[in-house]
Amino acid sequence: MSHEITIIGAGIIGVSIGLELARRGQKVRVLDRKGVAGETSAGNAGAFAFQEVEPLAKPGIMKQAPKWLLDPLGPLSVPPAYAVQIAPWMLRLWRASWRDRYEGSMKAQAELMHVAKAAFERQVAHINREDLIQRKGQMALYEGEKAYRATLPAWDLKKQHGFDAIHLTSPEAIAEYQPGLHPRFTHGAFTPNWFNTVDPKLWTETVAQALRDAGGEIQITSVKNILPTETGVRIDTDDGVIETQKLIIAAGAWSHHLARHLGDKIPLETERGYNTTLPPGAFDLRTHLTFSQHGFVASVINGGVRIGGAVELGGLTLPPNYKRADALLKKAKAFMPGLNTEGGTQWMGYRPSLPDTLPVIGASPKDPRVLYAFGHGHLGLTQSAGTAELVADLALGAEPGLDLAPFAPTRF
């Protein structure tokens, strides 16, 4: 049976859900105020990071909180102007970091990642654009044996969940995978089953075009109100009223505002991430690099190098602080001495994050005709195809291939 299904959000999550539903014979419309990849899906690091199952809310994280306010350019910061507003979210983060919830969150994340990886391979095959995927692995880097050994419990947990790594214990071993790094990096862990796209914006546009080719529609408009009715869901937009049988909210960092139209209060916050993209020839980057103690990465984008990451919990309205991008680039130059930092383009994006690091995937408790698919944090691209299959199952009344209780909107 075909349904009229509307999706709010034309980022990678929204267009992936639309494509999956269209493939299953549904009539799909996607709404977005800016269009395809108009926000975070355009400028992220481009990683399909299936091994990244450890939550941000890890034991001991709150001991670092005082430092965040004192170092505005550090790997994880809270601008003083936003500190009071974010306090309730930080309390939830603290509770999520307790050992019982931390291990439960990691287990749920790992299970979702296995679903996501299999779905990703199906999506790549369907779109037939393997040329947009770089299968070059990823290397996490550590300065000194003490820093490296501190990460081993987390690596052991990852291994228990089916994600292993090749451990490197000397600068020489690291150089076999990536030459040209500063010898301060004495240890590393290489994960070969880590993939990147050559360009996250292009990848999202490619998925969106596959959606259109399958009969889906993408409309640029702003949503003003959402109102369940006897026959479906009414959406008030700048272009008039849209009536739909089912609605899926996948609008990233703006999703919780839309959920409030239904009376659902979901504690989503915004991790603002910064990056600088350098042109081709900036550095001979052979694998995705994660500078673990400094909270940023280096990835290959369109033959150039993108230096970005860190976490700034600053909401949607504070002006960007591009000194953070400058600080990351300065560190990258010190860590990759041959890096040419000229000619870069800066960018800032909004990662939609929930305090337990798990996304919301499930029906609104106020109306089962409205489904939520947001809050993926750093992992939206990674989990997009898996989320699409799960949400399509929910929308069509099929049994999802994963226990979705850990991702329920009601868990808060």
A.B. asks: Do Ile361 and Val391 have side chains that get closer than 4.5 Å, going by heavy atoms?
C.D. replies: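 Sidechains of Val391 and Ile361: in contact.
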A.B. asks: Using 30° and 60° as the class boundaries, would you call the ring planes of Phe48 and Phe120 parallel, tilted or perpendicular?
C.D. replies: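 Correct class here is tilted.
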A.B. asks: Can a donor-acceptor pair be found, under 3.5 Å and without considering hydrogens, that links the side chain of His256 to the backbone of Gly375?
C.D. replies: no
A.B. asks: Can any side-chain N or O of Thr244 pair as donor or acceptor with the backbone N or O of Thr6 at less than 3.5 Å?
C.D. replies: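 Confirmed, Thr244 side chain pairs with Thr6 backbone.
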A.B. asks: How long is the straight-line distance from CD1 of Ile266 back to CZ of Phe374, given to the nearest 0.5 Å?
C.D. replies: 3.5 Å
A.B. asks: Can a donor-acceptor pair be found, under 3.5 Å and without considering hydrogens, that links the side chain of Ser16 to the backbone of Ala388?
C.D. replies: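 No, the answer is negative, given that no donor and acceptor are paired below the 3.5 Å cut-off.
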A.B. asks: Say whether, by atom type as modelled, one donor and one acceptor occur between the side chain of Asn302 and the main chain of Gly304 under 3.5 angstrom.
C.D. replies: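 No; zero donor-acceptor contacts below 3.5 Å.
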A.B. asks: Can you confirm whether Leu313 sits close enough to Leu76 that some side-chain heavy atom of one is under 4.5 Å from a side-chain heavy atom of the other?
C.D. replies: yes
A.B. asks: Within the side chain of Thr40, is there an N or O that forms a donor-acceptor pair under 3.5 Å with the backbone of Tyr350?
C.D. replies: yes
A.B. asks: Could you name each residue pair satisfying salt bridge (charged side-chain N to carboxylate O under 4.0 Å, His left out) that touches residues 372-397, not counting sequence neighbours?
C.D. replies: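 The answer is Arg24-Asp393, Arg122-Glu389.
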A.B. asks: If the condition is ring-ring contact (aromatic ring centres under 6.0 Å, His included), which residues does His378 pass it with, not counting sequence neighbours?
C.D. replies: none
A.B. asks: Below 4.5 Å, heavy atoms only, C-beta onward: do Ile12 and Asn44 meet side chain to side chain?
C.D. replies: no
A.B. asks: Taking side-chain hydrogen bond (donor to acceptor under 3.5 Å, both in side chains) as the test, write out the residues that go with Thr277, two or more places apart.
C.D. replies: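 Per chain and number, Thr277 pairs via side-chain hydrogen bond (donor to acceptor under 3.5 Å, both in side chains) with Arg306.
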A.B. asks: Where the side chain of Arg272 meets the backbone of Leu318, is there a donor-acceptor pair that is under 3.5 Å apart?
C.D. replies: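 Checking the backbone N and O of Leu318 against the side chain of Arg272, a donor-acceptor pair under 3.5 Å is found.
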A.B. asks: Could you check whether any side-chain heavy atom of Thr382 comes within less than 4.5 Å of a side-chain heavy atom of Glu52, counting everything from C-beta outward?
C.D. replies: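 The answer is no, as the side chains (C-beta and beyond) never meet within the 4.5 Å cut-off.
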A.B. asks: Examine the side chains of Gln26 and Gln245 and answer whether a donor and an acceptor come within less than 3.5 Å of each other.
C.D. replies: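 No, Gln245 and Gln26 have no side-chain donor paired with an acceptor closer than 3.5 Å.
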A.B. asks: Show the numbers, then the answer: is there a side-chain contact (heavy atoms from CB on, under 4.5 Å) between Asn275 and Val297?
C.D. replies: CA-CA 9 Å; Asn275 66 45; Val297 304; over 6 Å; no
A.B. asks: How close do Pro352 and Leu268 get, counting heavy atoms only, and between which atoms?
C.D. replies: CB-CD1, 3.8 Å
A.B. asks: Would you find a donor on one side and an acceptor on the other, under 3.5 Å apart, between the side chain of Lys246 and the backbone of Ala395?
C.D. replies: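 Indeed, once roles are kept as given, a pair shorter than 3.5 Å links the two residues.
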A.B. asks: Show the numbers, then the answer: is there a side-chain contact (heavy atoms from CB on, under 4.5 Å) between Leu404 and Leu394?
C.D. replies: CA-CA 10 Å; Leu404 292 179; Leu394 291 175; 3.7 Å; yes
A.B. asks: Do Tyr177 and Arg286 pass the side-chain contact (heavy atoms from CB on, under 4.5 Å) test, and can you show the C-alpha distance, the side-chain angles, and the key distance before you say yes or no?
C.D. replies: CA-CA 7 Å; Tyr177 290 89; Arg286 302 181 185 182; over 6 Å; no
A.B. asks: Indicate yes or no: does Glu205 engage Arg129 in a salt bridge with an N to O separation below 4.0 Å.
C.D. replies: no
A.B. asks: Any chance the side chains of Glu312 and Tyr274 put a donor and an acceptor closer than 3.5 Å?
C.D. replies: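 Yes, a side-chain donor-acceptor pair sits under 3.5 Å.
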A.B. asks: Between the side chain of Thr276 and the main-chain N/O of Ile307, is any donor-acceptor distance below 3.5 Å?
C.D. replies: no
A.B. asks: Rounded to the nearest 0.5 Å, what's the gap from NZ on Lys333 to CG on Leu329? Could you check?
C.D. replies: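 Lys333 NZ to Leu329 CG: 9.5 Å, rounded to 0.5 Å.
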A.B. asks: Indicate whether the side chain of Gln138 and that of Asn196 have a donor and an acceptor atom separated by less than 3.5 Å.
C.D. replies: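 Note: Gln138 and Asn196 side chains miss the donor-acceptor criterion.
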A.B. asks: Could you report the tightest heavy-atom contact between Ala57 and Pro355, atom names first, then the distance?
C.D. replies: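 For Ala57 versus Pro355, the nearest heavy atoms are CB-O, 3.5 Å.
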A.B. asks: Using a 4.5 Å cut-off on heavy atoms from C-beta on, say whether the side chain of Ser353 contacts that of Val311.
C.D. replies: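 No, side chains not in contact.
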A.B. asks: Minimum heavy-atom separation for Val233 to Leu247, with atom names?
C.D. replies: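 Closest heavy-atom pair between Val233 and Leu247: CG1-CD2, 4.0 Å.
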A.B. asks: Applying salt bridge (charged side-chain N to carboxylate O under 4.0 Å, His left out), which residue pairs with at least one partner in residues 139-157 are found, sequence neighbours left out?
C.D. replies: Glu143-Arg184, Glu145-Arg149
A.B. asks: Write out all pairs satisfying side chain to side chain donor-acceptor pair (under 3.5 Å) with one or both partners inside residues 358-377, taking only residues at least two apart or from two chains.
C.D. replies: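 Side chain to side chain donor-acceptor pair (under 3.5 Å) check on residues 358-377 returns Asp264-Ser364, Asp264-Lys366, Asp264-Tyr372, Asp367-Arg369, His376-Thr387.
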A.B. asks: For the pair Asp239 and Lys224, find out whether any cationic side-chain nitrogen is under 4.0 Å from an anionic carboxylate oxygen.
C.D. replies: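 Judged by the 4.0 Å cut-off on N to carboxylate O distance, Asp239 and Lys224 do not form a salt bridge.
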A.B. asks: Hey, mind stepping through His288 and Lys136 against side-chain contact (heavy atoms from CB on, under 4.5 Å) and telling me if it holds?
C.D. replies: CA-CA 7 Å; His288 183 103; Lys136 298 180 178 180; over 6 Å; no
A.B. asks: Can you name the one residue among Tyr148, Tyr142, Trp155 that meets ring pair (Phe, Tyr, Trp, His ring centres under 6.0 Å) with His187?
C.D. replies: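 Single pass found, and it is Tyr148.
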A.B. asks: What is the distance from atom CG of Leu227 to atom NE2 of His261, rounded to the nearest 0.5 Å?
C.D. replies: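 That separation rounds to 10.5 Å.
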A.B. asks: Quick one: does Ser255's side chain have a donor or acceptor within less than 3.5 Å of a partner on Ile249's backbone?
C.D. replies: no
A.B. asks: Looking at every heavy atom in both Asn193 and Gln51, which two are closest together, and how far apart are they?
C.D. replies: O-NE2, 3.0 Å
A.B. asks: If you measure from CD1 on Ile8 to OG on Ser222, what distance do you get to the nearest 0.5 Å?
C.D. replies: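 Here the rounded value is 10.5 Å.
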A.B. asks: Identify the two heavy atoms, one from Gln109 and one from Thr357, that lie closest to each other, and give their separation to 0.1 Å.
C.D. replies: NE2-O, 3.1 Å
A.B. asks: Looking only at heavy atoms, what is the nearest atom pair of Ala208 and Ile218, with distance?
C.D. replies: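 Closest approach of Ala208 to Ile218: CB-CD1, 3.8 Å.
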A.B. asks: How long is the straight-line distance from CG of Leu285 back to CG of Leu181, given to the nearest 0.5 Å?
C.D. replies: 8.5 Å
A.B. asks: With a 4.5 Å cut-off on side-chain heavy atoms, are Ile242 and Leu31 touching?
C.D. replies: yes
A.B. asks: Can you pull out every side chain to side chain donor-acceptor pair (under 3.5 Å) where at least one residue sits in residues 398-412? Sequence neighbours excluded, please.
C.D. replies: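 Sorted result for residues 398-412: Asp356-Arg411.
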A.B. asks: Under the salt bridge (Lys or Arg N to Asp or Glu O under 4.0 Å) rule, what do Arg95 and Asp100 come out as? Steps first, then yes or no, please.
C.D. replies: CA-CA 10 Å; Arg95 180 62 185 95; Asp100 60 332; 3.4 Å; yes
A.B. asks: For residues Phe185 and Phe335, establish whether the separation of their ring centroids is below 6.0 Å.
C.D. replies: yes
A.B. asks: I want to check something: taking the side chain as every heavy atom from C-beta on, are Glu54 and Tyr102 in contact at a cut-off of under 4.5 Å?
C.D. replies: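 When only atoms from C-beta onward are counted, Tyr102 and Glu54 do touch, with a gap below 4.5 Å.
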A.B. asks: Quick check: do Leu390 and Phe407 have side-chain heavy atoms less than 4.5 Å from each other?
C.D. replies: no
A.B. asks: Does Gln134 reach the main-chain N or O of Val300 with its side chain, forming a donor-acceptor pair under 3.5 Å?
C.D. replies: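 Checking the backbone N and O of Val300 against the side chain of Gln134, a donor-acceptor pair under 3.5 Å is found.
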A.B. asks: Out of curiosity, Phe50 CZ to Leu379 CG, how far, rounded to the nearest 0.5 Å?
C.D. replies: 10.0 Å
